[in-house]
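Note sheet for the following structure.
Please read all numbers here as calculations on a predicted model, not as lab measurements. Sequence lines set the chain letters: A, B, ... in the order given, protein chains first and strands last, and positions in each chain run from 1. Every heavy atom of this structure was used, including side-chain atoms; hydrogens, water molecules and symmetry mates were not.
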Number of protein chains: 2
Amino acid sequence: MAIKRHYNGNRILNGTQQRITANRELLLELIHESPGHFDADEIYRKAREKHNTISLSTVYRNLQLFKKLGIVEERHFSEDHHHYEKKQTGDHQHFQCTRCGTIIELSWPLLEKSKDTVSERYGFQITRVEIELTGLCFECGKMREAGL
Amino acid sequence: MAIKRHYNGNRILNGTQQRITANRELLLELIHESPGHFDADEIYRKAREKHNTISLSTVYRNLQLFKKLGIVEERHFSEDHHHYEKKQTGDHQHFQCTRCGTIIELSWPLLEKSKDTVSERYGFQITRVEIELTGLCFECGKMREAGL
DNA sequence: ATAAATGCAAACCGTTTGCAAGCTC
DNA sequence: GAGCTTGCAAACGGTTTGCATTTAT
């Protein structure tokens, strides 16, 4: 019942034996549609809506595969389950509001300059910088001031 | 068999009904002895060495309590279980080596200036900044160069 | 005496895994 | 046919919880 497809000529990773299946195509599509972070269950639920036979273990197995292939990254926030996001090109900075929970991506000023200083000072080779800000967003700040 | 003590006058939190017990005193002591991050099991094992009747659930329950009281904070690294650390006064920055796993605390240059810029630009009230660097530490960088 | 704290074992829940069946090439 | 992929159900492992007992006030 799954759509029959012609999969050759389109391997996920050159030189490996991984195949592009309908499940994988769907998962990749859902991941690319996801604006920010997502978790396994979210992807699973969305996948079920479109392709009602996929199983949760397939989602997990493929997320692991995608992680290994560098397509997604695992991130660890305050909750008790894994979160993923599309692999960022390099550094990554966001702000999370403690009141409404919104996550806003941003760019950290003076990042390159600070990185250089740290590399030099400590002798590190820095491959990735994660900056996570916490506080009140503009709207919630206003609400707070208004006593709401 | 646990040491009998006079616990009054030393409440964890004034005005609550929480009691200071031998278990709690021991746990707090172990936490304050811990240099950096720790997890529940680590604390449990250390506690067992000194006070051989404490149970893992007591450790968990107290870590939750300490979290609520603001004594420790939960942090989420790449592993699958919770990590804790003593509550930091404010911001927190560290570097983790992808090769040897060492975590090195550091201070991020131009932090205040960058924070001010972000606050202004986005209208955020920033209460906490977490910066997590990943890469190779000095020693591992050397090893890498040497082809080891 | 009363309410909080504890140990134990069982429950929980997100994630992983073994296995047999189904696909892709 | 060989080997990768999948669904299912069972296993796993860290964390939480119910309950009867102990302890602090």
Side-chain angles (χ1 to χ4, degrees), chain A residues 1-28 37-45 47-48 51-69 72 74-84, chain B residues 1-28 37-45 47-48 51-69 72 74-84:
Chain A
M1 71 208 41
I3 317 109
K4 196 95 188 194
R5 296 262 203 148
H6 220 203
Y7 290 123
N8 37 349
N10 192 16
R11 287 238 158 70
I12 293 189
L13 184 63
N14 300 337
T16 72
Q17 297 302 91
Q18 332 278 12
R19 293 168 185 164
I20 303 259
T21 63
N23 277 341
R24 283 186 183 153
E25 278 199 329
L26 175 61
L27 291 174
L28 287 170
H37 311 99
F38 51 90
D39 60 33
D41 196 63
E42 241 168 281
I43 292 293
Y44 171 65
R45 276 182 284 109
R48 294 288 292 211
H51 179 278
N52 62 16
T53 62
I54 199 170
S55 76
L56 190 52
S57 31
T58 298
V59 174
Y60 275 111
R61 274 193 275 236
N62 281 307
L63 283 174
Q64 282 185 175
L65 175 66
F66 297 159
K67 190 171 66 174
K68 197 178 304 168
L69 300 183
V72 302
E74 237 176 64
R75 302 271 293 124
H76 300 265
F77 300 117
S78 46
E79 299 165 52
D80 276 342
H81 56 287
H82 298 174
H83 273 241
Y84 301 85
Chain B
M1 75 211 26
I3 320 108
K4 197 93 192 197
R5 297 255 207 152
H6 218 204
Y7 292 123
N8 35 349
N10 188 21
R11 284 236 157 72
I12 295 189
L13 186 62
N14 299 336
T16 71
Q17 298 303 90
Q18 334 280 8
R19 293 165 185 170
I20 302 262
T21 64
N23 278 340
R24 283 186 182 154
E25 277 200 328
L26 175 60
L27 292 174
L28 287 170
H37 311 100
F38 51 89
D39 59 33
D41 196 62
E42 241 168 280
I43 291 293
Y44 172 65
R45 277 181 284 109
R48 293 290 291 214
H51 178 281
N52 62 16
T53 61
I54 198 171
S55 76
L56 191 51
S57 33
T58 299
V59 173
Y60 274 111
R61 274 193 274 235
N62 281 305
L63 282 175
Q64 282 184 174
L65 175 66
F66 297 158
K67 189 170 66 172
K68 196 179 304 168
L69 299 183
V72 302
E74 236 176 62
R75 302 271 291 122
H76 301 264
F77 300 117
S78 46
E79 298 164 53
D80 276 341
H81 56 286
H82 298 173
H83 273 241
Y84 300 86

**OP:** Please list, chain by chain and in numerical order, all residues satisfying side chain to side chain contact (heavy atoms under 4.5 Å, CB included) with B:E42, sequence neighbours excluded.
**Re:**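 Side chain to side chain contact (heavy atoms under 4.5 Å, CB included) check on B:E42 returns B:F38, B:D39, B:R45.
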
Original post:
Of all residues at least two apart in sequence or in a different chain, which pass the side chain to side chain contact (heavy atoms under 4.5 Å, CB included) check with A:R61?
Top reply: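 By the side chain to side chain contact (heavy atoms under 4.5 Å, CB included) rule, A:R61 matches A:S57.
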
Spacing of [X] atom [atom1] relative to [N] atom [atom2], expressed in whole Å:
| X | N | atom1 | atom2 | value |
| --- | --- | --- | --- | --- |
| B:R48 | C:dC8 | CZ | C1' | 12 Å |
| B:Q64 | D:dT17 | CD | P | 7 Å |
| B:R24 | D:dT22 | CZ | P | 19 Å |
| A:E74 | C:dG14 | CD | P | 15 Å |
| B:R45 | D:dG14 | CZ | P | 11 Å |
| A:Y44 | D:dG7 | OH | P | 9 Å |
| B:E25 | C:dA5 | CD | P | 14 Å |
| B:N23 | C:dA4 | CG | C1' | 13 Å |

Please state whether the phosphate of [N], meaning OP1 or OP2, lies under 4.0 angstrom from any side-chain nitrogen or oxygen of [X].
| X | N | value |
| --- | --- | --- |
| A:T21 | D:dT6 | yes |
| B:N62 | C:dT6 | yes |
| A:T58 | D:dT6 | no |
| A:Q18 | D:dT5 | yes |

Subject >> Pairing residues for A:K68 by the side chain to side chain donor-acceptor pair (under 3.5 Å) criterion, not counting sequence neighbours >> reply: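 Partners of A:K68 under the side chain to side chain donor-acceptor pair (under 3.5 Å) test: none.
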
Original post:
What residues, two or more places apart in sequence or in another chain, satisfy side chain to side chain donor-acceptor pair (under 3.5 Å) together with A:H82?
Top reply: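 Residues passing side chain to side chain donor-acceptor pair (under 3.5 Å) with A:H82: B:D80.
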
**OP:** Output the single nucleotide from D:dG14, C:dA9, D:dA9 whose closest atom is nearest the side chain of A:S57.
**Re:**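 Looking only at side-chain atoms, A:S57 lies closest to D:dA9.
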
Original post:
Closest to the B:T53 side chain: D:dT6, D:dC8, C:dG7?
Top reply: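 The listed nucleotide nearest to B:T53's side chain is C:dG7.
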
Original post:
Which residue, B:R61 or B:H82, contacts DNA chain D at a nucleotide closer to its 5' end, judged by nearest heavy atom?
Top reply: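 Result of the comparison: B:H82.
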
Subject >> Residue closer to the 5' end of DNA chain D, B:D41 versus A:V59 (nearest nucleotide) >> reply: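 This one resolves to A:V59.
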
Subject >> Gap between atom CG of A:L69 and atom CG of A:N62 - 0.5 Å precision >> reply: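 One gets 9.5 Å once the value is rounded to the nearest 0.5 Å.
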
Subject >> Contacts of type ring pair (Phe, Tyr, Trp, His ring centres under 6.0 Å), residue B:H37, not counting sequence neighbours >> reply: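 Only B:F77, B:H94 meet the ring pair (Phe, Tyr, Trp, His ring centres under 6.0 Å) criterion with B:H37.
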
Anything under 3.5 Å between a protein N or O and an N or O of nucleotides 1-3 of chain C, put it in a table, one pair a line.
residue : atom : partner : partner atom : Å
C:dA3   : N3   : B:R19   : NH1          : 3.2
C:dA3   : N3   : B:R19   : NH2          : 3.4

Original post:
What is the minimum heavy-atom distance between A:L56 and A:Y44, and which atoms define it?
Top reply: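 Scanning both residues, the minimum pair turns out to be N-CE1, 3.4 Å.
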
